[in-house]
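The block underneath contains the structure these notes are about, expressed in structure tokens.
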Amino acid sequence: MQAVSRTYVTTPIYYVNAEPHLGHAYTTIIGDAITRWSRLNGNPTKFLTGTDEHGLKIQQAAEAAGVTPQAFTDKIAPKFAAAWDKLNIANDDFIRTTERRHKDAVAELLQRCYEAGDIELDTFAGKYCVACEEYYSDDELVSVSGVVGEGELCPIHQRPVEYFEEENYFFRLSRFQDLLLDWYAKHPNAMTPEHRGNEALGLIRSGLRDFSISRTSLEWGIPLPWDPKHVTYVWFDALTNYLAAVGFGSSGADAAEYTDWWPPTHLIGKDIVRQHCVYWPAMLMSAGVELPKRWAIGGWLLVGGEKISKTSGNVVNPLDLIDDVGLDGFRYYVLAETPYGSDGDFTYEGLVGRYNSDLANNLGNLAARIATVVTKKCGGVGTAPDPDSPLAPAAAIAFTNSAACWDEIQPSRALEATWGLIRATNSHLEQNEPWKAEPGPDVDRVMGDALEALRIVAILCSPAIPETAQAVWERIGMTGRVEEQRLPGAVAWGVYPAGNEVTKGGPLFPRIKL
Ligand code: MSP
């Protein structure tokens, strides 16, 4: 039996200056699948996502739209919640940084760091990218032709930076270099995949500069508790959402939740490693808060070789893709196509290709074949599997390997392992050709094995494609909800009972012509 462990998983909170796009859907679907896997294991699980609503970027977007920042964010934030609903995201909470609970948590964290002596007043002058909400030094800026250290453009957005000079409070990050390196040395697996973790360690080793955490020029933010002319700089504000959602800084009953759920596993994109893996742990150390359990760092889903963004004009609305390949077709593609941590290139041909090969030809075909043969040769009634079936070891391997990969936050490999069982079952059917045989014990045995394999597949693929998994579950006559099954018992070979009614239904994944 695996030990039960509380699991708290977060996505980045998304800026509301843009509407939800494929890049946002990417991390959110990964988070949804890994938390569904965690729940299948019986772990108490909390999955958090939300929206990042303060800062200059939002203030400017609201001004451009001719509305107050609050009215602006009130309009966009629900679009994120609605998109996640459509993508069947089972988040337990949705946090907005304009909520009271968030403001209370930010005030508490600021106050703690201030009292620890790690926040101090200073004058700051520098070049700032509004899109990143980050200052850059000259050696980080790039030229129009992309040369680093020789231009005036932000290295991420290739947009001109602005010169800012103001009195700011600073977080004394420079004090934390050794403490962070020591901590990461003691927690070598905290950042995954390893190559992304090494990038973060490189940032720390290259020397840490204090960073500004407040503005007097900005109105749209949370005031510093001890000096309310200043509002908090967006990253100090945004990062604290992870604490706010579990009641940190609350004097109410939800304060206890904090100790139940903390520390979290953060899913982040490679562009926000500095803030999450360098600033954030230092802030937590300063405030005396335990550091996160884990950072799982993803690459980008590129469109036409570029990161999806409003400025690149290559925004893909995930909801449009669902119209073509269905909800689970889209979720499957996002999870299966790219190893988490690497960049992936989104193409429509890739989406349809994967749908046709893995879903229509493999899973869909297996489910249809089984239902057809059981209907024709077994009177529509399922038979029990053979305890010594050659598929039993294939099922055990699929479970062991997919479990290891889900635990490593590698959904593409977890699904590859699950699809191994689908392929083994299809080959088993092809070898035995029950559709050619006379009804009788031989056909019953082959079909009992295939039904049992399909039952196990339904459970193993349910974190990725929950609606399809439930449909398969019902077609093979199982009752209740597939997500209520518990591992590892539910995937033990031999659970499928004789006598279930098996129904055919329409194709799960009709083939799509490009
Ligand atoms: N608001 C900040 C995060 C604060 S978290 C305390 C932010 N927001 S964002 O909306 O710009 O991006 C959020 C995350 O989405 C980032 O991790 C980013 O990598 C991810 N993605 C945005 N576009 C993406 C792709 N095209 N591909 C994959 N993920 C990308 O940063």
Side-chain angles (χ1 to χ4, degrees), residues 9-31 48-58 61 73 76-77 79-80 83-84 94-98 102 105-106 109 129-134 154 156-157 196 199-200 213 221-222 232-245 264-281 283-284 292 295-318 321 333-335 337-347:
V9 176
T10 68
T11 72
I13 48 170
Y14 303 108
Y15 286 131
V16 289
N17 63 325
E19 304 212 352
H21 60 56
L22 185 60
H24 304 131
Y26 178 69
T27 322
T28 312
I29 290 174
I30 306 266
L48 174 71
T49 187
T51 42
D52 189 353
E53 306 190 5
H54 289 128
L56 193 54
K57 203 187 327 213
I58 311 294
T73 59
I76 311 263
K79 294 194 181 178
F80 278 86
W84 304 155
F94 186 100
I95 191 159
R96 298 182 53 188
T97 56
T98 44
H102 178 75
V106 173
L109 194 72
C129 170
V130 175
C132 295
E133 303 276 13
E134 272 291 358
C154 157
I156 307 262
H157 293 90
R196 297 267 173 232
E199 284 165 20
I213 62 142
I222 300 173
T232 335
Y233 164 72
V234 285
W235 279 101
F236 208 103
D237 174 337
L239 288 161
T240 309
N241 88 85
Y242 306 129
L243 282 168
T265 292
H266 295 311
L267 294 180
I268 56 171
K270 63 178 185 178
D271 51 331
I272 51 177
V273 162
R274 180 195 300 271
Q275 294 85 354
H276 279 81
C277 306
V278 185
Y279 295 1
W280 180 229
M283 287 157 59
L284 295 173
W295 292 258
I297 304 162
W300 287 337
L301 207 51
L302 307 169
V303 175
E306 277 191 69
K307 180 172 180 245
I308 301 156
S309 74
K310 230 165 108 176
T311 27
S312 321
N314 60 354
V315 174
V316 177
N317 183 340
L321 300 170
Y333 171 80
V334 164
L335 291 160
E337 183 72 7
T338 311
Y340 191 68
S342 306
D343 286 344
D345 207 359
F346 171 82
T347 60

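Just so it is clear, the values below take in all heavy atoms, side chains as well, and ignore hydrogens, waters and symmetry mates. A quick note: this is a predicted structure, and the numbers were derived from the prediction, not measured. Remember, it's 1-based here, ligands and their atoms both numbered in the order they're listed.
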Requested in this report: Specify side chain, backbone, both or neither for Q275, according to which of its non-hydrogen atoms lie closer than 4.0 Å to ligand 1.
Outcome: neither
Report summary line: So CZ of R274 and CD of E134: to nearest 0.5 Å the spacing works out to 6.0 Å
Query raised in the report: With only distance considered, is D52 within less than 3.5 Å of ligand 1 through an N or O on each side?
Result: yes
Query - Any side-chain heavy-atom pair of L301 and T338 under 4.5 Å - result: yes
Query - Min N/O separation Y15 to ligand 1 under 3.5 Å - result: yes
Query raised in the report: Between H54 and D237, is any side-chain donor less than 3.5 angstrom from a side-chain acceptor?
Result: yes
Report summary line: Among G299, G23, C132, the residue with a heavy atom nearest to atom 25 (C) of ligand 1 is G23
Query raised in the report: Are Y26 and F346 close enough that their ring centres sit under 6.0 Å apart?
Result: no
Query raised in the report: Are H276 and Y242 close enough that their ring centres sit under 6.0 Å apart?
Result: yes
**Report entry** N or O pair under 3.5 Å between I268 and ligand 1
**Finding:** no
Query raised in the report: Just which atoms of ligand 1 are under 4.0 Å from any heavy atom in Y242?
Result: 5 (S), 6 (C)
Query raised in the report: Which of the atoms of ligand 1 are close to Y14, meaning less than 4.0 Å from one of its heavy atoms?
Result: 10 (O), 13 (C), 14 (C), 15 (O)
Query raised in the report: Any idea which atoms of ligand 1 are less than 4.0 Å away from a heavy-atom of H276?
Result: 5 (S), 6 (C)
Report summary line: Short version for D271: what comes under 4.0 Å of ligand 1, heavy atoms counted, is side chain
**Report entry** Salt bridge flag under 4.0 Å for residues D52 and R96
**Finding:** no
Query - G269 N/O to ligand 1 N/O under 3.5 Å - result: yes
Report task. Taking the side chain as every heavy atom from C-beta outward, state whether L109 and F236 have any pair of such atoms under 4.5 Å apart. Result -> yes
Query raised in the report: What are the atoms of ligand 1, with element, lying closer than 4.0 Å to any heavy atom of H21?
Result: 23 (N)
Query raised in the report: Side chains of Y14 and T28: do they bring a donor and an acceptor to under 3.5 Å?
Result: yes
Report summary line: In ligand 1, the atoms that come under 4.0 Å of a heavy atom of I272 are 16 (C), 17 (O), 31 (O)
Query raised in the report: Which of the numbered atoms in ligand 1 are below 4.0 angstrom from a heavy atom of A238?
Result: 6 (C)
Query raised in the report: Judged by modelled atom types alone, do T97 and E53 share a side-chain donor-acceptor pair under 3.5 Å?
Result: no
Query raised in the report: Given side chains that start at C-beta, do those of I272 and C277 come closer than 4.5 Å, heavy atoms only?
Result: no
Requested in this report: Could you tell me which atoms of ligand 1, counted from 1 in the order shown, lie closer than 4.0 angstrom to a heavy atom of H24?
Outcome: 10 (O)
Requested in this report: Just let me know how Y26 lines up against ligand 1, side chain, backbone, both or neither, with a heavy-atom cut-off below 4.0 Å.
Outcome: side chain
Query raised in the report: Would you say I13 and ligand 1 have an N/O pair spaced under 3.5 Å apart?
Result: yes
